[in-house]
> 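To start, I am sharing the structure in question, which I have written as structure tokens.
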Amino acid sequence: MGGLTEVMDRVLAAQKLTIAACGTSWHSGLVGEYLFEQLAKMPVEVEYASEFRYRDPLIGKEDVLLAISQSGETADTLAAMREAREKGALILGVCNVVGSTIARETDAGVFTHAGPEIGVASTKAFTAQVVVLTMMALAVAQRKGTVSEERFRQIVEELWRLPEKIQSILDQNDHIKAISERFTYAPNFLYLGRSINFPVALEGALKLKEISYIHAEGYPAAEMKHGPIALIDQLMPVVVIAATDHTNEKMISNIEEVRARKGRVIAIASEGNEEVKRLAEFVIEIPETDDVLTPLLSVIPLQLMSYHI
Ligand code: BG6
């Protein structure tokens, strides 16, 4: 797929970026939306490929479609690409499998090289996709001048530190397993996140459904009060992702609301987040990192929890 260099001028001139994907890849696309909007100041729409293809979508020669797929063979994603191509859009891809149909049919893009996906539940594919989307957004941002050299360097240096930080979460495996064992009884789970960690809440819920066969819903934390709050009682585990600074106070009041209804809060909290650690019944700590990179850490305990449950 060769990266973005050859097509960068068309990407820079684009009116909007449409991301099309399914399942976990759609969730990484939602993280990508935050990254492209925040870093590259580019308008982004994230579409379920299956909806996009049947909607006679408004996409044209000035637009870019980015397909994300681990396998490179998902029929709906492929159909969305073909639909966009027919309308003249530039087609980019983020794909894991070299030689796959999606990889072959893109104009340009990046392979994730995450290695073969062994189980159905996508895990390393998600983190690899988010890393690639971060790098793509940074490359566009640098050319557009929407991030300073210093900010660019800060994020890149932090990306280099992530393997070590992910390892420190994996080292808490016994702790995460012990928490998981407490909740094997639960028929329902609620996952709450805000901002760039809202898609991580969706992904946490999807992982639990896919591999534990437990009903779970992911929600933007503020939406909890518009319905799901009625479901919260002492039997309902609520997984709260409290990893970004600028939404922390809001998350604290969400945790208080859950506690007021006797919900059982499992918080994925940044190390220094003392208030959240004090309020939650169970805490899984993740190292501090740049706000835009937090999904790469916050998703790891959720993947492990689903596995242990
Ligand atoms: C689903 C898988 O069928 O396809 C998910 O169960 C996956 O795990 C989704 O995220 C999309 O697949 P792909 O290969 O296009 O990323």
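Both ligands and their constituent atoms are indexed starting at 1 by order of listing. Quantities reported herein were computed from a predicted structural model and do not represent experimental measurements.
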> What residues form a side-chain contact (heavy atoms from CB on, under 4.5 Å) with Ala137, not counting sequence neighbours?
Leu35, Phe36, Leu39
> Look at Arg151 together with Asp290 and state whether they make a salt bridge at an N to O cut-off of under 4.0 Å.
yes
> Tell me, which residues have any heavy atom less than 4.0 Å from some atom of ligand 1?
Cys22, Gly23, Thr24, Ser25, Ser69, Gln70, Ser71, Thr74, Val120, Ser122, Glu210
> Can you list every side-chain hydrogen bond (donor to acceptor under 3.5 Å, both in side chains) pair that touches residues 293-309, not counting sequence neighbours?
Asn173-His308, Asn197-Thr294, Asn197-Ser298
> Go through the side-chain N and O atoms of Glu45 and Thr18 and say whether any donor and acceptor fall under 3.5 Å apart.
no
> Closer than 4.0 angstrom, basic N to acidic O: yes or no for Arg53 and Glu83?
no
> Report all side-chain donor-acceptor pairs from residues 221-228 shorter than 3.5 Å, counting only partners two or more places apart or in another chain.
from: Lys225; atom 1: NZ; to: Ala222; atom 2: O; distance (Å): 3.0

